[in-house]
Amino acid sequence: MALFIYNTLTRQKEKFKPIHEGLVGMYVCGPTVYSDSHIGHGKSYVSFDVIVRYLRYLGNKVLYIQNITDVGHLLDDGEDRMLKQSKIEKVHPMQIAEKITRSYFEDMDKLGIVRPDISPRASGHIIEQIEMVKQLLAKGFAYEVNGSVYYDVQKFNKYGKLSGRVLDEAVEGTRVESRSEKRNPADFALWKKAESGHIMHWPSPWGEGFPGWHIECSAMSMKYLGETFDIHGGGMDNQFPHHECEIAQSEAVTGKPFVKYWIHNNLVTVDGKKMSKSFGNFVTLKDAFIKYDPLVVRFFILQSHYRSTLDFSDEALQGARTGYEKLLTTIRNLREELQKAESEKRNEGISFDLSLYKKRFMEAMNDDFNAPLAMGVIFELSRETNQALNSEQKLSIDFLRQIDMCFSELGGRILGIIPEQISTKKDGENIESQLIDIHIKVRQQAKQEKVWWAADLIRKELEALGIRLEDKKDGTIWHRAK
RNA sequence: GGCGCCGUACCCAAGUGGAAAGGGAGAGGUCUGCAAAACCUUUAUGCGACGGUUCGAAUCCGCCCGGCGCCUCCA
């Protein structure tokens, strides 16, 4: 069983073979930190999180780099989006960057995303970026005009190999572009001269200025991962021009292939339309988390394939929530039963075949990280587990542990949707749980004496406090309602 | 206009040549004092439309309809 990955560069699924066996270098385009993350960021980084987790599960040592863009990108009107936001808030741009970076990690942590090994800031790598621009100039791939440096796209004959685009001759000479400093409309900035009033700028051989839109990813990825590395990921919307330009810059400097596998995740839509900051139709993660548990959002994201679009709607999220809670109920019941088996020292019992579930799960993940298919396998395991737990025959401690390990490995360690701890009545012998236990005892007495109104009242009142009671065959359990 | 993607049940969503996964919602049932949970049964002779290739197509080819993305910053 080998892992196959869809490579945007070749437009087909390829067998994954890292450059150095057992070691994987991976770079994913991170956020531009000028406003809170939205569901789209969630989908992107959850998808890549599962990819990293799975590569590690397979035994690879993964070095995962994800940049923080705190220099900003130019808008149509020539204004930097970080500067624009800082003017709105009347604070230094770096304050915005710092605040949003913290907010970003906060959201990602809640989604259960394992942090990247290195989160390099663009502003902290100006020297490396200047160095690259110097080399591009020296090799004749770039030209300087009036304090700015541009990449000469015509000099790089492989330009367009990622996005399948060809340079359009017809665009040349149009009136708008003829006023530009660029020799060719497709040329892009490597270094921009800072106009007066531009707050963020650094000294360079070409005067005060700031790095271009694409150079940071080339400079930082190669700094930490080498001139050729295994995986570069990002949103589909970054395929062109961003990633195309990264290839052009990097390969022009090194003369070597930049990246072996390009992975692009698809976008989130809202009512069928792309969600983006510039559309203003985006739902921030913080907003979503008010209504839905972050892990429900993660579950929802993983219910569709990373290369498919995901349409965000309340109806779909609510469906995901119910499904997710059902899964957690299975885990909760399983762990309750395990604790009981342990206290009974139950060594004998029935069992069923777990290996088939593992095999099918792995097959799904090996086929270009098919998480939704893998989740289907988890649900089938959940059903068989429930059947066994409901059966008259008991399961042994050992087998219950095996099931728990299977869920923890596949659903926990790889997919990140099953937490290690789930609230049960055993979580802490605090005063609260002792009080609830007293209520359960009183209610038990009421039930025995068939004083139904009292039994129902206790259950109803506790429910209102978010404590749900469930009467099982051999007693009452409680847990917090999500 | 150029390049590309998608259209599977009421909703979400796998499946890319050989008996239509999975989740939600709905219906019926088992269990239960009642709930809840769980389990069982059920819900697309059908995969946007029409042609074609094939013993066989959701899956390949053609055409048409509908939706979306990139080409300008974006995950």
Side-chain angles (χ1 to χ4, degrees), chain A residues 8 11 28-32 34 37-48 66 69 72-76 79-81 160 163-166 168 170-171 186 213 233-242 244 264-269 272-279 282 299-300 303-305 307-327 329-330 332-333 360 364 367 370-380 382-391 447 450-453 455-456 459-460 463 468-473 476-477 479 481:
Chain A
T8 311
R11 308 210 176 249
V28 170
C29 287
T32 302
Y34 68 99
S37 302
H38 51 64
I39 300 282
H41 293 105
K43 171 170 162 68
S44 182
Y45 299 121
V46 165
S47 300
F48 287 113
Q66 193 188 95
T69 298
H73 288 183
L74 289 178
L75 301 171
D76 285 346
E79 201 171 14
D80 184 299
R81 56 176 68 244
S163 57
R165 241 165 266 261
V166 282
D168 192 352
V171 184
W213 314 344
M236 263 177 184
D237 47 350
N238 272 332
Q239 203 172 302
F240 187 90
H242 185 57
E244 196 69 61
H264 289 98
N265 75 282
N266 217 319
L267 307 178
V268 169
T269 55
K273 289 268 192 284
K274 176 186 168 180
M275 170 165 77
S276 80
K277 286 176 180 172
S278 41
F279 274 16
F282 63 91
F299 176 90
F300 172 67
Q303 265 188 316
S304 81
H305 192 265
R307 281 193 288 117
S308 306
T309 52
L310 176 64
D311 198 53
F312 183 86
S313 69
D314 259 338
E315 198 184 5
L317 256 296
Q318 273 161 23
R321 171 159 61 197
T322 313
Y324 181 61
E325 279 171 9
K326 189 179 153 186
L327 180 62
T329 299
T330 303
R332 186 181 295 117
N333 289 340
R360 286 171 56 213
D367 184 14
N370 194 334
L373 185 57
M375 293 245 280
V377 176
I378 297 267
F379 269 97
E380 287 177 45
S382 166
R383 190 170 60 214
E384 184 151 17
T385 301
N386 283 325
Q387 280 169 5
L389 291 175
N390 275 15
S391 133
K447 281 173 68 182
K450 299 196 192 306
V451 190
W452 305 124
W453 67 265
D456 291 347
R459 186 171 61 198
K460 199 178 146 207
E463 174 89 40
R468 181 168 294 157
L469 300 190
E470 289 177 17
D471 294 337
K472 299 282 181 183
K473 279 179 201 147
T476 300
I477 65 161
H479 62 87

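Excluded from the calculations below are hydrogen atoms, water molecules and symmetry mates; all remaining heavy atoms, backbone and side chain alike, are included. So that the names make sense, note that chain A is the first sequence line, chain B the second, and so on, each numbered from 1.
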Any donor-acceptor N/O pair under 3.5 Å between B:G33 base and A:D456 side chain
yes

Under the 3.5 Å rule, do the base of B:A36 and the side chain of A:R468 count as making a donor-acceptor pair?
no

Atom [atom1] of [X] and atom [atom2] of [N]: how far apart are they, to the nearest Å?
X      : N     : atom1 : atom2 : result
A:F240 : B:G2  : CZ    : C1'   : 11 Å
A:D237 : B:C71 : CG    : P     : 8 Å
A:F312 : B:C11 : CZ    : P     : 19 Å
A:L389 : B:A37 : CG    : P     : 17 Å
A:D311 : B:A14 : CG    : C1'   : 17 Å
A:Q387 : B:C31 : CD    : P     : 17 Å
A:Y34  : B:C73 : OH    : P     : 12 Å
A:D314 : B:C11 : CG    : C1'   : 13 Å

Could you give me the CA-CA distance, side-chain angles and deciding distance for A:E244 and A:R165, then say whether side chain to side chain contact (heavy atoms under 4.5 Å, CB included) is met?
CA-CA 9 Å; A:E244 196 69 61; A:R165 241 165 266 261; 5.6 Å; no

Between protein and nucleotides 15-28 of chain B, map the contacts as a letter string: B base, S sugar-phosphate only, - none, heavy atoms under 4.0 Å, written 5' to 3'.
S-----BBSSS---

Applying side chain to side chain contact (heavy atoms under 4.5 Å, CB included), run through A:H38 and A:V268 and close with a yes or a no.
CA-CA 10 Å; A:H38 51 64; A:V268 169; over 6 Å; no

Side chain of [X] only, heavy atoms from C-beta on: which candidate in [options] is closest?
X      : options             : value
A:N333 : B:A37, B:C70, B:A75 : B:A37
A:R165 : B:A37, B:C71, B:A75 : B:C71
A:D471 : B:A75, B:A35, B:C71 : B:A35
A:N386 : B:A14, B:C39, B:G33 : B:C39
A:W452 : B:C39, B:G33, B:C12 : B:G33

N/O contacts under 3.5 Å, protein versus nucleotides 66-68 of chain B?
residue : atom : partner : partner atom : Å
B:C68   : OP1  : A:K273  : NZ           : 2.2

With both distances kept under 3.5 Å, what pairs with [N], Watson-Crick or G-U wobble?
N     : result
B:U16 : none
B:A27 : B:U41
B:U72 : none
B:C63 : none

I want to confirm an ordering. Mapping A:R459 and A:R307 to their closest nucleotides on RNA chain B, which one lands closer to the 5' end?
A:R307

Is [X] close enough to [N] that one of its side-chain N or O atoms is under 4.0 Å from OP1 or OP2 there?
X      : N     : value
A:S308 : B:A14 : yes
A:N265 : B:A75 : no
A:N238 : B:C74 : yes

Validation row: [X], [Y] side chains within 4.5 angstrom (heavy atoms):
X      : Y      : answer
A:I477 : A:N333 : yes
A:L469 : A:E463 : no
A:F48  : A:Q66  : no

Give one of base, sugar-phosphate or nothing for [X], where a contact means two heavy atoms less than 4.0 Å apart.
X      : value
A:V268 : base
A:L327 : nothing
A:G40  : base
A:S47  : nothing
A:G42  : nothing

Counterpart residues, side chain to side chain donor-acceptor pair (under 3.5 Å), relative to A:T269 (two or more places apart):
A:D311

A:W452 vs A:K450, side chain to side chain contact (heavy atoms under 4.5 Å, CB included): CA-CA, chis, key distance, verdict
CA-CA 5 Å; A:W452 305 124; A:K450 299 196 192 306; 3.6 Å; yes

Could you walk me through whether A:Q387 and A:R383 satisfy the side chain to side chain contact (heavy atoms under 4.5 Å, CB included) test, starting with their C-alpha distance in whole Å, then the side-chain angles of each, then the deciding distance to 0.1 Å, before giving a yes or no?
CA-CA 6 Å; A:Q387 280 169 5; A:R383 190 170 60 214; 4.0 Å; yes

Mind checking the CD-CG spacing from A:Q303 to A:L373? Nearest 0.5 Å is all I need.
12.5 Å

Does a side chain donor of either A:N266 or A:T309 reach within less than 3.5 Å of an acceptor in the other side chain?
no

Parallel, tilted or perpendicular for A:F312 and A:F300, by the 30°/60° rule?
perpendicular

